[in-house]
Amino acid sequence: AKSAQDAVLWSSGAVVAPMGQIRNYLTAPGYGLIAGFSSDAKTLVLADRGSVGATGFDIATGKVKWRGTFADWGVKSPSYMACGDGMLVLTDSSGQVACIGAENGKIRWMNKLVGGSRAPVCPPRIARGVVMVQSNTYKMLTCFNATGGRVVWKWAGNSAAEGRVTDEGLILVLVDG
């Protein structure tokens with residue numbers, strides 16, 4: 001392409017942020033506007049906390065394939081979201097976790113965080129078939145099977161912790177508070 005404009009395949013105004021929320025987009029990952037792809041890379045997903053919904057676009061044409069609101073998916077008070085491995089994962093302040101298929105916008109599974117303060121404290125992490133959600137002021141980690149939503153691992157403690165899923169497995173780092 002000779003210019004940036006020549007490189008544009010298609011554009012859409014389907015996801016628009018309210019002006020007052022632009023600051024959130026710049027400072028809080030997983031909080032404002034996120035994007036991801038379906039597993040077959042044929043659908044682009046844009047989710048916008050400001051408009052409380054998401055849209056799936058055909059990657060080749062830009063046509064809308066599906067649209068949904070967080071309320072449609074059982075997420076009444078959205079807190080964080082993440083997109084990866086062909087899924088959109090939404091959390092809300094009550095501890096609800098919803099996994100949405102990026103290819104069609106349909107609910108794959110729903111589950112609920114239990115124990116302590118259930119409100120997530122950061123965006124979910126999606127890796128190697130696991131969705132990790134951190135809650136209870138960083139003192140609880142819950143890992144869900146990305147396919148069906150079953151809890152496969154949970155850690156809770158008195159100190160803050162940070163967790164990551166790597167190629168070698170789960171890494172848990174305790175931070176003495």
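Hydrogens, waters and symmetry mates are skipped; everything else that's a heavy atom, side chains included, is used.
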Partners passing side chain to side chain contact (heavy atoms under 4.5 Å, CB included) against R125 (at least two apart in sequence or in another chain) | C122, M132, Q134, E162, R164
Atom pair CZ (F57) and CZ (F37), whose distance is rounded to the nearest 0.5 Å | 12.0 Å
Any sub-3.5 Å donor-acceptor pair from K154's side-chain atoms to V114's backbone N or O?
-> yes
If only atom types and distance count, is the side chain of W155 paired as donor or acceptor with the main-chain N or O of K139 below 3.5 Å?
-> no
About how many Å separate CZ of R118 and OG of S135, when rounded to the nearest 0.5 Å?
-> 9.5 Å
Can you measure from OG (S94) to CG (L113) and round to the nearest 0.5 angstrom?
-> 8.5 Å
Looking at side-chain heavy atoms only, is the closest gap between K106 and I100 below 4.5 Å?
-> no
Minimum heavy-atom distance between M87 and A146, given as atom pair plus value = CE-CB, 3.6 Å
Is it true that a side-chain atom of D92 and a backbone atom of Q96 form a donor plus acceptor pair closer than 3.5 Å?
-> yes
Please assess N111 against V151 for the test side chain to side chain contact (heavy atoms under 4.5 Å, CB included), listing each intermediate value before the final yes or no.
-> CA-CA 9 Å; N111 208 325; V151 174; 4.1 Å; yes
With a 6.0 Å cut-off on ring centres, are F144 and W109 close enough?
-> yes
Modelled atom types, side-chain donor and acceptor of K76 and S93, under 3.5 Å = no
Nearest heavy-atom contact between P124 and V89 is CG-CG1, 3.8 Å
Transitively linked via ILVMFWY side-chain contacts under 4.5 Å: M110 with I126?
-> no
Applying side chain to side chain donor-acceptor pair (under 3.5 Å), which residue pairs with at least one partner in residues 81-91 are found, sequence neighbours left out?
-> S79-T91
Measure the shortest side-chain to side-chain distance between M140 and V133 over non-hydrogen atoms and say whether it is less than 4.5 angstrom.
-> no
Does any N or O in the side chain of W73 come within less than 3.5 Å of the main-chain N or O of G105, such that one atom is a donor and the other an acceptor?
-> yes
I'd like a table of donor-acceptor pairs (distance under 3.5 Å, sequence neighbours excluded) in which one partner is a side-chain atom from residues 40-47, with atom names and distances.
from, atom 1, to, atom 2, distance (Å)
D40, OD1, S38, OG, 2.5
D40, OD1, K42, N, 3.0
T43, OG1, K65, NZ, 2.7

Is it true that I34 and I107 fall in one hydrophobic cluster, defined by side-chain heavy atoms closer than 4.5 Å?
-> yes
Distance-minimising heavy-atom pair for T61 and D58 | N-OD1, 3.0 Å
Applying the 4.5 Å side-chain criterion to the ILVMFWY set and letting contacts propagate, would L88 and V75 be lumped into a single cluster?
-> yes
Quick one: do W153 and T142 satisfy side chain to side chain contact (heavy atoms under 4.5 Å, CB included)? Show the steps, please.
-> CA-CA 6 Å; W153 184 83; T142 305; over 6 Å; no
Rounded to the nearest 0.5 Å, how far does OG of S77 lie from CZ of F70?
-> 11.5 Å
Is there side-chain contact between V97 and L90, with heavy atoms separated by less than 4.5 Å?
-> no
